[in-house]
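In what follows, chains are A, B, ... by sequence order, proteins preceding strands, each numbered from 1.
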2 protein chains.
Amino acid sequence: MRRKVTLKQIAKELDVSISTVSKSLRDSPEISEDTRLKVQAFAKLYNYKPNNIALSLKNKKTKTIGIIIPEIVHHFFATVISGIEQVANECGYNVIVCLSDESFDKEVINMEMLANGSTDGFIMSLSKETQQKKDFHHLQEVINQGMPVVLFDRISNDILCDKVIIDDQLAAYEATNFLISKGLKKIALLTTVDYVSVGKLRTDGYLNVLHDHGIEVDENLIIRIEDTEHCDEKINELLENQSIDAILAVNELFAVTALKLAMSKGIKIPEDLSVVAFTDGIISKYSTPTITTISQNGIKMGRKAAEMLIKRLELEDEEDEHYKTEIIETNLIIRESTKS
Amino acid sequence: MRRKVTLKQIAKELDVSISTVSKSLRDSPEISEDTRLKVQAFAKLYNYKPNNIALSLKNKKTKTIGIIIPEIVHHFFATVISGIEQVANECGYNVIVCLSDESFDKEVINMEMLANGSTDGFIMSLSKETQQKKDFHHLQEVINQGMPVVLFDRISNDILCDKVIIDDQLAAYEATNFLISKGLKKIALLTTVDYVSVGKLRTDGYLNVLHDHGIEVDENLIIRIEDTEHCDEKINELLENQSIDAILAVNELFAVTALKLAMSKGIKIPEDLSVVAFTDGIISKYSTPTITTISQNGIKMGRKAAEMLIKRLELEDEEDEHYKTEIIETNLIIRESTKS
DNA sequence: TTTCAACACGAAAACGTTTTCGAAAGGTTT
DNA sequence: AAACCTTTCGAAAACGTTTTCGTGTTGAAA
């Protein structure tokens, strides 16, 4: 077993000082070509690579980005990580991933853990519990210490920092509008409880478009689902008790569940019922029938978030303080679950 | 903006030495209760937390695990990460994730990057290109330096280290056997090219069970799919030209594609055609009909891999050198795509 | 009064870098 | 021969910890 070689060892071996070795390897003109070449050859032979930890300590920069998300087993979040990793890689950064499991406490612990020197900045999406509690002291703390933070998707207006989102409200508006344009009137909404920021916004978009078309809002058609557990039950209830033309779901899971339940009742898709879902993930693409979705380009969100963070990191202490919120455009991807 | 406070600053502020501060915070008996309490109060007030980088440098331990996988936008890999993260978290470790994008070069670069002090060990699954080239010098290098490595799923026998896999061959055997037990004879296999280790093993299991039942192997029924691009095309060819009773697919994607193509041709599932797939992911659960799968418990694999790595890390230099290969059991999850 | 132990604390090294500054050696100019 | 410049290198500080060892003070025992 050959342990990693350090400057000190090279110096000792060649009988020169550590400074000479360091300078030689960085091609300093201070060093004569003789010794420079000698050191470089030796270093190459022993495959010397500077120790990242020592560099981090010296430069006070780790070149790593901390990512904190609620879940990784979620296609959307996985795509965002993928996007972040792409630009991080291009810029010589590493990413260190922590999962909050939708828990406030885990989010805080992870953040404090990483904030103690492990990362230069954060990219994160808030856990449900954090959004519910509206307690952002851990974020504020980190921001106060001068570490940049970029929030995406699940954000809060109470936190001053860069953000990347889609225009949830507009997307919901347009998707619902699409359904209305097909002559559908009784449109149900499958959404989450209101404290989830995106759920709330999507609900607002839905309400607005109904209002703009003079369609009366029927509260019975708005199903707020707290946990995935009671998803089936609540949707079943809707299908049994209400006659509806279409469904707008705030995620794929609700959509595919509704779709399967409807089909099992003999309801024809899209003839009797149209379905549109947020998040263009795996399920929509491979379900039968395939589902019309609002694409939420995770890769692009991730890339954008990483770009914003790195830009701020390399800006040094310019202290722009001028935080931006980037909106990633969405597209309606029309598939088999809606009438053409 | 209040930057992070250090021992030195506290020392200066309280007019004591750095050592005194450090010892006070670690409750050393060397320090009088007076100063100890004073220092602790001050530290708490200024929310002092030791700097991880400095600790890493001193202890020569980073308490982070490097994960290198081909892709993250793959449900299976996402679940493995999730499993790793669980035990890592329990043991006070962080995980730093790098993606190889199935590229040998990226795998090497990422590995060298992380090996220079950033992590204490690695958990990884080989990229396709690496498996094809059979070039493992980067892994060997790291192992020689004394960093533990745990391979999962896509492994190689040429590398001596801990491993976590499922018994791909046995699982394929049993799944095919299940199909045969339902009276099905003409069973097609949708697999990958042979250099992907798991593809090869699953193919072997398929071949063995046919042999054991005295069923002649028809090479026309074995479809080796290189890239997802020509997936449709090749499967279509199979369905057009051969009459088959069942399909065993080495992943969900092949299975759902076959399923959809078959249905579009009026073939009834499972009456006319049964389908079984490896990897119990999202697609199988939500496709219509739902797909019978061989569960490949990613969480459990991740947890096991992390446990093995951490055990070796904490073992210090015991140098067991006795590498283990853990087999995670699989289950056949019977759903609608196979006759009952 | 001397000696010794206990107590409380500080100096310094170590981890592996980079960088600033100083200095020795050699050569060149007056 | 004196003064000065250039070349080439090394010592040391710095990043933030922890830990070993040394040291000064105090009080008690001899």
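In this structure, A/Ser19 reaches the bases: a heavy-atom distance under 4.0 Å links it to at least one base atom across the strands shown. In this structure, B/Lys58 reaches the bases: a heavy-atom distance under 4.0 Å links it to at least one base atom across the strands shown. As judged by a 4.0 angstrom heavy-atom cut-off over every strand, A/Thr6 is placed among residues touching the sugar-phosphate backbone only. Residue A/Ser32 is classed as a sugar-phosphate contact, given heavy-atom separations below 4.0 Å to backbone atoms only.
Using a 4.0 Å cut-off between charged nitrogen and carboxylate oxygen, A/Glu85 and A/Arg303 do not count as a salt-bridge pair. A salt bridge does not link A/Lys134 with A/Asp158: every distance from a Lys NZ or Arg NE/NH1/NH2 to an Asp or Glu carboxylate oxygen is 4.0 Å or more.
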Should A/Lys106 and A/Asp101 be marked as a salt bridge (Lys or Arg N to Asp or Glu O under 4.0 Å) after you check the CA-CA gap, both sets of side-chain angles, and the distance that decides it? CA-CA 7 Å; A/Lys106 274 200 73 177; A/Asp101 279 336; 3.3 Å; yes
Would you check, one step at a time, whether the test side-chain contact (heavy atoms from CB on, under 4.5 Å) holds for B/Ser32 with B/Arg36? CA-CA 6 Å; B/Ser32 71; B/Arg36 193 158 49 78; over 6 Å; no
For the pair A/Glu307 and A/Lys300, evaluate salt bridge (Lys or Arg N to Asp or Glu O under 4.0 Å) and give the outcome as yes or no after the intermediate values. CA-CA 10 Å; A/Glu307 282 164 13; A/Lys300 201 176 269 185; over 6 Å; no
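Residues satisfying the side chain to side chain donor-acceptor pair (under 3.5 Å) test with A/Ser127, not counting sequence neighbours, are A/Glu107, A/Thr130.
No side-chain N or O of A/Thr79 forms a donor-acceptor pair with one of A/Ser82 less than 3.5 Å apart. Defined by atom type and a distance below 3.5 Å, a donor-acceptor pair is missing between the side-chain atoms of B/Ser22 and B/Ser19.
In this structure, B/Glu33 places its CD atom 20 Å from P of C/dA6, rounding to the nearest Å. Between the CG atom of B/Leu14 and the P atom of C/dC9 there is a distance of 12 Å, rounded to whole Å. When rounded to the nearest whole Å, the span between NZ of B/Lys8 and P of C/dG10 equals 16 Å.
Within a heavy-atom distance below 4.0 Å of DNA chain C, the residues of residues 45-57 of chain A found are A/Tyr48, A/Lys49, A/Pro50, A/Asn51, A/Ala54, A/Leu55.
Within the structure, every pair that satisfies the ring-ring contact (aromatic ring centres under 6.0 Å, His included) test and touches residues 20-46 of chain B, not counting sequence neighbours, is listed here: B/Phe42-B/Tyr46.
With a heavy-atom cut-off of 4.0 Å to chain B, the contacted part of DNA chain D has its first and last nucleotide at D/dC15 to D/dC21.
Although no hydrogens or angles enter the test, the distance criterion places a donor-acceptor pair under 3.5 Å between the side chain of A/Gln40 and the main chain of A/Ser24.
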Show every donor-acceptor pair shorter than 3.5 Å between a side-chain atom in residues 114-121 of chain B and any protein atom, with sequence neighbours excluded, or say none if there are none.
| residue | atom | partner | partner atom | Å |
| --- | --- | --- | --- | --- |
| B/Asn116 | OD1 | A/Lys4 | NZ | 3.2 |
| B/Asn116 | ND2 | B/Glu112 | O | 3.0 |
| B/Ser118 | OG | A/Asn52 | ND2 | 3.1 |
| B/Asp120 | OD1 | B/Thr62 | N | 2.8 |
| B/Asp120 | OD1 | B/Thr62 | OG1 | 2.9 |
| B/Asp120 | OD2 | B/Thr62 | N | 3.2 |
| B/Asp120 | OD2 | B/Lys63 | N | 2.8 |

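With axes fitted over five pairs at each extremity, the angle between the ends of the helix from C/dT1-D/dA30 to C/dT30-D/dA1 is 90° (10° resolution).
Each of B/Ile31 and A/Gln9 has a nearest nucleotide on DNA chain C; the 5'-most of these lies closest to B/Ile31.
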